[in-house]
K.L.:
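Structure incoming, see below.
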Amino acid sequence: MNRILYAADCLDVLNDADELPSESVDLIYLDPPFNSNSSYNLPFKGRDKSLKPVEAFKDTWAWTAEDKSRLEEMGRDPRTRSLATIVKFAAEVEGKPSGRGKNKTSLASYLLHMALRLRAMRRALKKTGSIYLHCDPTAGHYLKLVMDAIYGQKNYRNTIIWKRTSSHNDAKRFGNVHDELMYYTKENSPTWNTLYLEYDEDYVQKAFRYQDDDGRKWASSDLTATSKQGGGYEYEWNGVTRLWLCPVGTMERLESENRLHYTKSGLARRKRYLDEASGVMLNDVWTDINPIGSHAKERLGYPTQKPLALLERIISASSNPGDLVLDPFCGCGTTVHAAEALRRRWIGIDISPFSTGLIRERIAHNFPLLSKRDISIRGIPETIQQARDLARRDKFEFEKWVCGFIGAEGMFRQPGERGADGGVDGLLKFYRFVPKKVAKAEYAVVQVKGGKVSPDAVRALRETVDRLSVTAGVLVCFRQYMSTVDNQRSHDSFDDVFGSYPVIQGYSIEDLLANKPLDLPTYGRQRQGALLDL
C-alpha cells in the first residue's frame, strides 16, 4: 500500500479491513475539524471580485437523529460505553437541549463524530505505531478524555504545544497563539527517533568558549562523580585522586585523543566538541516552526494548511523510511507531501474529491519522478457511466471533482449556491517561457459542463477570458459535445518556446479519465516549479 488517496468519509475507509488491514499503519497524523463553529473557504479569487471562493469544509455541528441512534448503540456496547459517557457529559456541560429537538449541543455531535473515527484508527495502527491528534483549546480537553478512553492513559506520551502565530487579539483574555498535538502510542514500545535542535548562538558563545589550535570549539565538562548518583571509579589521575565518572582505561583513551584538559590544580575535565554535539533534545514546546505566511512558497491557500516542517518533524520522530503514514483528514496534502519527501509510504483520506485531486497534482508537481498515474485516487468516478451518474446526481460535486482532478486552484461559487458563476468553475495556473522574458504565472479559466453544450456557452467562455484578462479558457464536457466546442471556439493561439497553444480549447471527460494532458504549457509549469523550488 502506497500513494493512495481516498475521496471518502474516513470512517468508511477505517472500518474497511479490505482497504485498510488491521495493524498495517505505522503512524497516524490527523488535523480534523476543531469544533470552531466556522466555515472555511479556499481563498482563491479572480480578477472579478464579485466571484466567491469555494468552500473547503464546514466546522459546524448539530445533533441529529442519526447521532442519537449511534450514541445509544455506543452506550450498549461495553467496549464503547466510556466514550458514550464522555459525549453525554460534554452535552451536560455545554447545556441541555431545549426540548425542541434542534438545540442539542454541537460539542456532543462533534465528540461523537471524532470518537467513532479515533476508535477506528486504533484498529489500523500497528503495535509499534503512534498517533498525533492536532487540535486547539476549543475542545482539546474533551478530546484528551476520548483519547484516554481509546488508547489508554498509560499510552499518552505528550501534549505538544506548537506556537502557530506570533500574536492574536482576543477580547478580555490572553491571546490564543498555540495549537496542541496529543501524542499517543498503541502500546509501550513505539517506533521512536530522538530529534535535536541546533544550539542557539548565545549558548554556543557561552558554553563553547574554548578552542584548539586547529580552531575546533569545545566546552568543558566535569569528569568527577562525587555528586552523582550510582557511584564511580576511584583512582589517581595526574596526581589528583577523585571518584571519576569513567574507568582508568577510558581516561587513558580520552587523553590519547586530546579530549582532556586540566585546571590549574591539575583536575582533569573533558572536552565536548561543538562539531560533534547533537544539539538540544527536542522538548514539547515548539516555537521554531513558523506558520505559513501570506507570501510563503509552500502556501497553497488552503485555510488550515500546516507547515511542511511540522509534519516532517513528526514523521521523522515516529517512523522510519518505508513505514506507512496515514492522514485521515488530509486536506491539502501536507502530511503525504512530507511522507513522500522522507521516503515513507502513505495513505491520505479526505471527504472532498476536489481536495484529493489537488493533492495528487501537488505531489506530482513537487516530485518530478512521479506522474499522476503513480497516485491512486479511490472513491471518485473511474468510468464514463460513473461520471455521468455524478453529473446527474449533483452537478456541483461533479464540477468540484473535475476541477480537482485537473488541478484547478479554486472555484468561484459556493457549492450548491444558486445563481450565476461568472463563467468560471476553476482556475489553472501555468508558466509560459518566452525568450528574454521572466516567466510569470498565467491562468486559464475552466468551465465544466455535465450536460449539453450550446454554441453560446462556447462563445461566452471567450468573453469570460477577455473580461478577466486571463490567457486561456478550457471547456470540459463529455466527448459527444466536443464537436460543438471545436466548431464554435475561436482559433486564436499563444506561444512559448515549447510550442503553440489554443486560447480556447475543449477537454473531454473521456480524456480526463485517461489522464490525457491539457494543451497548456504544463511542461513549462513543471520546469518553473523545479527552478523556483516551489
K.L.:
Using a 6.0 Å distance limit plus a 45 degree cone around the ring axis, check whether R3 lies over the aromatic ring of W346.
P.N.:
no
K.L.:
For a quick check under 3.5 Å, do N320 and N193 share a side-chain donor-acceptor pair by atom type?
P.N.:
yes
K.L.:
Looking at D511 and R479, does any basic side-chain N land under 4.0 Å from a carboxylate oxygen?
P.N.:
yes
K.L.:
Are R462 and D492 close enough for a salt bridge, meaning some N to O gap below 4.0 Å?
P.N.:
yes
K.L.:
Is D323 paired with R344 through a side-chain N to carboxylate O contact shorter than 4.0 Å?
P.N.:
no
K.L.:
What do the steps show when you test T356 against D350 for side-chain hydrogen bond (donor to acceptor under 3.5 Å, both in side chains), and what is the final call?
P.N.:
CA-CA 7 Å; T356 52; D350 198 274; over 6 Å; no
K.L.:
Is it the case that R388 and T383 place a side-chain donor and acceptor less than 3.5 Å from each other?
P.N.:
no
K.L.:
With distance as the sole criterion, is a donor-acceptor pair present between the side chains of Q505 and R489 under 3.5 Å?
P.N.:
no
K.L.:
Show every salt bridge (charged side-chain N to carboxylate O under 4.0 Å, His left out) that has at least one partner inside residues 8-22, sequence neighbours left out.
P.N.:
D9-R117, E19-R378
K.L.:
Looking at I347, is its backbone amide N or carbonyl O close enough to the side chain of Y6 to form a donor-acceptor pair, meaning the two atoms are under 3.5 Å apart?
P.N.:
no
K.L.:
Could you please spell out the steps behind the side-chain contact (heavy atoms from CB on, under 4.5 Å) verdict for V177 and R164?
P.N.:
CA-CA 6 Å; V177 298; R164 57 173 168 76; 5.7 Å; no
K.L.:
Given ring-ring contact (aromatic ring centres under 6.0 Å, His included), test F367 with H337 step by step and report yes or no.
P.N.:
CA-CA 9 Å; F367 298 93; H337 185 161; 5.4 Å; yes
K.L.:
Quick one: do R432 and E442 make a salt bridge, cutoff under 4.0 Å?
P.N.:
yes
K.L.:
Can you find a side-chain donor-acceptor pair between Y132 and S318 that sits under 3.5 Å?
P.N.:
yes
